[in-house]
Every structure is written in structure tokens, then in C-alpha cells.
Amino acid sequence: MSEVVKLERHDVIAIVTVDSPPVNALSAAVRGGIFECMKTAIADPEVKAIVLTCGGRTFIAGADITEFGKPPKPPGLAEVLVLMENSPKPIVAAIHGTALGGGLEVALACHYRVAVKEARLGLPEVKLGLLPGAGGTQRLPRAVGPELAVKMIVGGDPISAAEALKNGLIEEIVEGPASGGEAFARKLVSEKRPLRRLRDDDSKLAAAKADISIFTNAVAAMTKKARGLEAPFAAADAVRAAIELPFDEGLKKEREGFLKLVSSDQSKAQRYAFFAEREASKIAGVPDGTKPRKVDRVAIIGAGTMGGGIAMSFANAGIPVTLIETTDEALKRGMGIMQKNWEATAARGGIPADAPAKRMALIDGKVGLENVKDADLVIEAVFETMAVKKEVFGKLDQFAKPGAVLASNTSYLNIDEIAKETKRPQDVLGMHFFSPANVMKLCEIVRADKTAPDALSTAVAISRKIAKVPAVVGVCDGFVGNRMLAQRGKQSEKLLFEGALPQQVDAVVTKFGMPMGPFAMSDLAGLDIGWRSRKDRGIKSEIADALCEAGRFGQKTGKGYYKYEGGSRSPLSDPDVEKVIDETLQKLGKKRRTVSDEEILERMMYPMINEGARILEEGIAARPSDIDVIWLYGYGWPIYRGGPMFWADSVGLKHIADRLSHYAKETNDPSLEPAPLLKRLAAEGKTFASLAEKSKAA
Ligand code: CAA
């Protein structure tokens, strides 16, 4: 008998239970165990029906991702599924938790499926740069029709048990998976229901066979945002094969697509990102077993753009919020914006029609800081200046209950200094959300000098609870993300003085896969803020200054580095900007030169990587993968490039160090000299990833 798969018999019903924590992934041992137990149950003359169920928190959550890229170990999943589908006795998959990827494919090879009402079912392989490789692209369209199948396979998001029931993916919603599965199996036996093999049932494909536009329209809708990605298109091709080819040929096509993707650079990067995200929740230097503090209520100070977005994130997760402002008017305005946002999402069908009212009911608007008194976590999201933050934290010390975690949503200020305003620096940390905070997934958790381990783990745990991706960072100007971004900003500005145009720089950056280039981003943020701050500090940036002097403050004034026509958000190149650049350079006695796209890319990316190396050296980030997580979830770094540090490894650190030295000389900018860590790794022929391996071994 297998260690991880058990077989029991309850008179005529055989129960096969997978129990392989944490998520019952289909490791070789699990595949082998299912195969042996199924073979035994099928051969047992007493057995009339078989239930496949799982112990622990979930049904099988997919292939074991750690096995990808390693030599395959028998039995293959396809072999297990053939045995199950060909079984002369009905097999029922009894699902709880998440039936994902290979897990749902196992269920699809069963003759019937039942699930508890909280279960979720999906084929998320595209999110790992893959397509379902064990018949999912062929059986799911036969179970639910090609439209929903495309949505699930090309989009990768799971559906609820209720939706699965409505669309014929499951037969019944049951109370408990094992007991419900067994009761259903008994019913099958007593009713002598025939076996239902999806392989042989083309009924739901008929409409798309007659009119392929049903399929192509569904694909067009799902690939709108798939720019640069290979997997969604390959997955769509495999589903098309289900419509156009006999089952076995479709399976062959699926297999070919899977094998191609599994060895692709994109999938390697996406699988890396999956584990990097999970690794980021493990806080370096915090003792094992450190328990997060209980958080039943959160207070958020400030109902502006950031505070409102943060409050929405908590209410979305069902956590009560006290939202605090200084005046009734500001509070009313903030609450009104939240309500409108939710109503717009509900109108688009993104959340149920009654959700806006339910979520608003979780938000208790109050005037006055004394109202933080019941909160277990307080997040300050007031104006970004040290003086204001210090004043708020001084008062929080008076009003917050003992043991409450006190967080500042600052994007660059020194948390140690803020913590000094309180008599409880152990409870103070940073929680840097990204705008719009109800949408962006990243939360940089800033660990100050005196932050207590359990305060830190509270911030990490609560971030995950509100569906954010936390990454712990240390105190420094701009933390990890903005500190690296500043290096890119510096170079993009310098490139204009050398001859590049904003649209050329942005085009290189977006072609690389970033959602926006630095100049379109500046236009969105507004050029006037930087202009005022430069004036205050007596600093000049002649091109940006000239644009601001001409009233070009960015999108909000319809003109900035680009022009925006008729209130549109799409940037259009503007010859007037080129004129401003030419005139400024003339005044400065500088000549424009042709800057190649290759140089632009290198000067956009390599200085950021250099800064990443400094950040690692200083211990501001514990792992290169934490830096990657920050860029993936806070700045829209293309997932198929893994993150800046992962990408740097793929480019080669020696090449990057050499190019940085070259630009340092060429542009007379010593800050571009390779950081000592980068230099050392380059000289030793090593990667950033080698640092993570070392720290794991330590
Ligand atoms: N393989 C290996 N390990 C996995 C895994 C998998 N498929 N899924 C999760 N894990 C590991 C995680 O790395 C994590 O490990 P650590 O505790 O050591 O960090 C642990 O299981 C728990 O995972 P989470 O922290 O993510 O737990 P959660 O409760 O928040 O989420 C989950 C659970 C929804 C299952 C989530 O882990 C998930 O989405 N997993 C991936 C599912 C997936 O993509 N499946 C498809 C795989 S590809 C495939 O199946 C190809 C095919 O066609 C055969």
C-alpha cells in the first residue's frame, strides 16, 4: 500500500484517498499510489463503484511543479488517467478545496464528479506558462462546452462549485467530500447508471463544430491582455483541436504543445515567479513558529486615494474597517468614491449586485484619531511628509490599544524615525501599498530597526489575507521598488539630453513587456510635483522644467511628454515636445545623437539591476527573488521574464557588469559603475540565484 494514497472498502464502494500534504500535488508517489489503488479496486469483484477523494485542505491541486524540467518518473499521469477512464466500474471524483490543473484533469477522467459548495475548479496552467498536459484541453470542452472551456483554460481562473454545477462539470454539490462522494456512488450503483466517458461525448462541441466563430470569439476575448505571452495562444490551439480533431489526435496535439511550453524560457520564468511569491512570505530572521497577532478590525487614517483603496482591499476580504478623516466633508468624499468604485465593478459583473452595500457596511467612517482605539492594526495613509507622519504617530501612541500594529503607508520615508515618535517602536512598521491600492497586489512590508518579529508576521499574514503579495524590505530611501525605479528615471531623463525622444524610450520599455514607459508614467503621475520639489531644492532638469513652464503637467492638462486628445488617456507623440528638447539642448550647447534601441534597453534595465545588487548587499532585501516579486506585482514587470534579477541571470551578469562600466565611462556617470556584489558575481561566473541557494543552505 502507498504512503500517500490509501484504499478502503465500504462493502461495494471502494474509497481511494490521496493524502500528500500540503496540497496533494501529483508527485510520482501520488501518481503511483492512485494507479495501484485503482488497479486493485477495479480488479476486486466485490467493488461496484470507486470514489477518489483527498485528505487535508484540498483535492489534488495539480502536477507537482517541482518535478517539471526533471527526468520523468513513471507512471505518467496520462497512463493513470487511461486506466481510470477505461475502468468498467464508475469512478466518482469527490472534490473539496481546489481541483486545479492536473487535479481537475484527474477528475475529468473520472466518470462523475461531485464537490462541496466551497470548492473551486480550474485549469490554471497558463499562469505557469503551460497548457493542461493531461487531457484537460480535450475533456473540459466536452464537459462544459468550448466557450467556458476557453475562458477557464486560456484565462486560467477557477470557477465555483455552483458554476461548475450549472455548466455540467459536476453532478452534485455535496456536504462532505468523502461521505457525499460515497452516497453519490451508491446512487450510481442502485440506479445502474451508465459510465459517462467525456472522451466519447462530443455533444457539447456540436455548435462550435458548425460555427468556429463561437470558439474564435471566445479566444479573442480571453487573449486581449495576453501581450507577449506564448501559453494562452498555445492553449487556445489545443482547445481548437478538441473541436476539429478526434479525441486521440487532439490529445496528441495537446501533448506536443505542453512539451514545447514546459521547456520554454517563459514557463521557466513563470514557474520561478510562482515559488518566488511563496518564498517572499517567509520572513528571513524571524524565529520559526512566530505567530501573527489577531486582527479583527483595522483602522485606516486618511480616506484619500491610497487610504480609500486600502480600505476597499480590507472590506473586499470581509475585514471591518474604521476609516478616519479630519473632517466630515473629506470622509464623505472618500466614502462616496469607494461606493462608486464598487458600484462600477458590480455593473460590469465583477462582483455580485449586493456586494457594494455589504462592503460599505464593513466601513465605519469616523472623524478624529481617537477612533483608532478598537483597531488591532492601524494603517496611516496621510500626506507624504515626515512632519505630518510624525504628528500622526505621536497621537497614535496615545490612542491605539496596546499590542496594535501601527503601520505607515509611506513610499520612501524612514520608518525608524517615525517609530521614535511612539513609546512602542516594536509595533511600528511600514506597509507600502501601490496605487490603485484596491487593484495592485504588492505590499512592501518595511521592517524597522525595532520592529518585533510577531508584528512583522502579522503584516505579512494580513496582506495575504487581503489577497496582496507581501515582500519584506528594510529601511532606505524608496525601499526596494522605488529605489530601483529612481535609477531608471535618472537614465531616462539623461537619454533625452543625448538625443532620444520620450516615445522612443517608452516604446523600447513597453516592447520589453512593461505596461508603460517612464515618460507615459510621468505624465500619468503629473510633472508638476517633481517641478515644485526641484524648485524648492534649487535643482534643475531643463527639459522637464521647460515643459512645466509651458503648462504641460501631464495627462491632467492634456499635455506633458505627450499630448492627449479629447480627454483620452492614450499618449500621442507631440512635435512640440521635440521642439522643446531641441531648443533646450541648443541653449545648453549640446548636440543630439542617434541613440539605439539596444542602448536604451540597457540603460533602462541595467542600472536598476545594479541598484538591486546594492540592495542585496545592504540586506534591504533578503533574497533576489523578493526583488523580483516586488517588480512583478508592484510595477507590472512581465511575468514571462521572471523579474529583474531573474532576467539579469538569463542575460549574464558579466555582460551586464561590462556594459555598466562602459556606460559609466561613456556618459561620465560613476554611479553606473557595477556594484561590488555584481562585480564579484560576474567575476566568479555566478548568478543572483546562487545567492539564494547559499542562503537556503546556511
Ligand atoms: N506543486 C508543488 N508544490 C505546490 C503546488 C504544486 N502544484 N501547489 C502548491 N504548492 C506548494 C507551495 O509552494 C507551498 O509550499 P511552501 O509551503 O513550502 O511554500 C504550499 O504548497 C502551499 O501553497 P500556497 O502557499 O500557495 O497555499 P494556498 O492555500 O494559499 O494555495 C493553492 C493553495 C490554491 C493550491 C495554490 O498553491 C496554487 O494555486 N497552486 C498551484 C496550482 C496549479 O497551478 N496547478 C497546476 C499545476 S500544472 C499542472 O497541473 C500541469 C498538468 O497539466 C499536469
Side-chain angles (χ1 to χ4, degrees), residues 4 18 20-31 34 54 56-70 72-73 75-81 95-109 118-140 152-153 155-160 231 234-235 238-239 251 254-264 267-268 270-284 288 317 441 460-461 463-470 623 625-626 629 639 692 696:
V4 287
V18 180
S20 178
V23 296
N24 293 314
L26 287 161
S27 60
V30 169
R31 296 193 302 272
I34 297 178
C54 289
R57 68 207 231 204
T58 179
F59 193 76
I60 302 163
D64 186 337
I65 307 170
T66 58
E67 284 187 0
F68 290 154
K70 296 183 186 154
K73 282 194 199 149
L77 187 54
E79 196 185 332
V80 181
L81 300 194
I95 298 167
H96 74 294
T98 42
L100 297 178
L104 183 57
E105 292 178 298
V106 169
L108 285 164
E118 300 79 14
R120 298 185 69 74
L121 301 90
L123 292 174
E125 284 86 342
V126 280
K127 300 198 173 181
L128 298 169
L130 297 169
L131 56 80
T137 62
Q138 306 304 299
R139 291 192 182 93
L140 188 65
M152 291 173 68
I153 294 170
D157 289 331
I159 61 170
S160 65
V239 177
L251 268 191
E254 175 195 87
R255 194 73 208 147
E256 284 164 14
F258 178 83
L259 289 176
K260 204 163 147 202
L261 289 175
V262 83
S263 57
S264 69
S267 178
K268 280 180 202 149
Q270 288 177 257
R271 271 139 47 197
Y272 162 84
F274 175 86
F275 288 112
E277 179 186 329
R278 277 144 190 86
E279 194 72 9
S281 293
K282 294 165 196 154
I283 316 166
D288 277 350
K441 291 192 77 178
V460 167
S463 302
R464 289 198 70 175
K465 206 161 167 192
I466 61 170
K468 301 290 175 205
V469 179
R623 303 170 269 250
S625 59
D626 289 357
V629 165
I639 186 123
K696 258 184 212 159

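Indexing begins at 1, ligand by ligand and atom by atom, following the structure's order. When reading the values below, keep in mind they use all heavy atoms of this one structure, side chains included, and skip hydrogens, waters and symmetry mates.
Which of A99, G62, A63 comes nearest to atom 7 (N) of ligand 1 through a heavy atom is settled by distance: it is A63. Around atom 27 (O) of ligand 1, the closest heavy atom drawn from R57, R464, R278 belongs to R57. The option from F258, F274, F59, F275 that lies nearest to atom 38 (C) of ligand 1, judged by heavy atoms, is F274. Nearest to atom 44 (O) of ligand 1 by heavy-atom distance, out of V23, L128, L100, L104, is L128.
Among the atoms of K282, some N or O lies under 3.5 angstrom from an N or O of ligand 1.
Using a 4.0 angstrom heavy-atom cutoff, T58 does not count as in contact with ligand 1.
Protein heavy atoms all stay at least 4.0 Å away from atom 32 (C) of ligand 1. Shown here, atom 21 (O) of ligand 1 is in close reach of the protein: a heavy atom of it lies under 4.0 Å off.
Given atom 48 (S) of ligand 1, the protein heavy atom at minimum distance is E125 CG, 3.7 Å. Protein heavy atom at the shortest distance from atom 46 (C) of ligand 1 is G101 CA, 3.8 Å. Protein heavy atom nearest atom 11 (C) of ligand 1, with residue, atom name and distance: P22 CG, 4.3 Å. Given atom 45 (N) of ligand 1, the protein heavy atom at minimum distance is A61 O, 2.9 Å.
Cation-pi geometry between R271 and F275 is not satisfied (NZ or CZ under 6.0 Å from the ring centre, within 45° of the ring normal).
With a 4.0 Å heavy-atom cut-off, ligand 1 is reached by the side chain of E105 but not by its N, CA, C or O.
The pair E277-K441 does not meet the salt-bridge criterion, since no charged nitrogen lies less than 4.0 angstrom from a carboxylate oxygen. The pair K282-E279 counts as a salt bridge, with a side-chain nitrogen and a carboxylate oxygen less than 4.0 angstrom apart.
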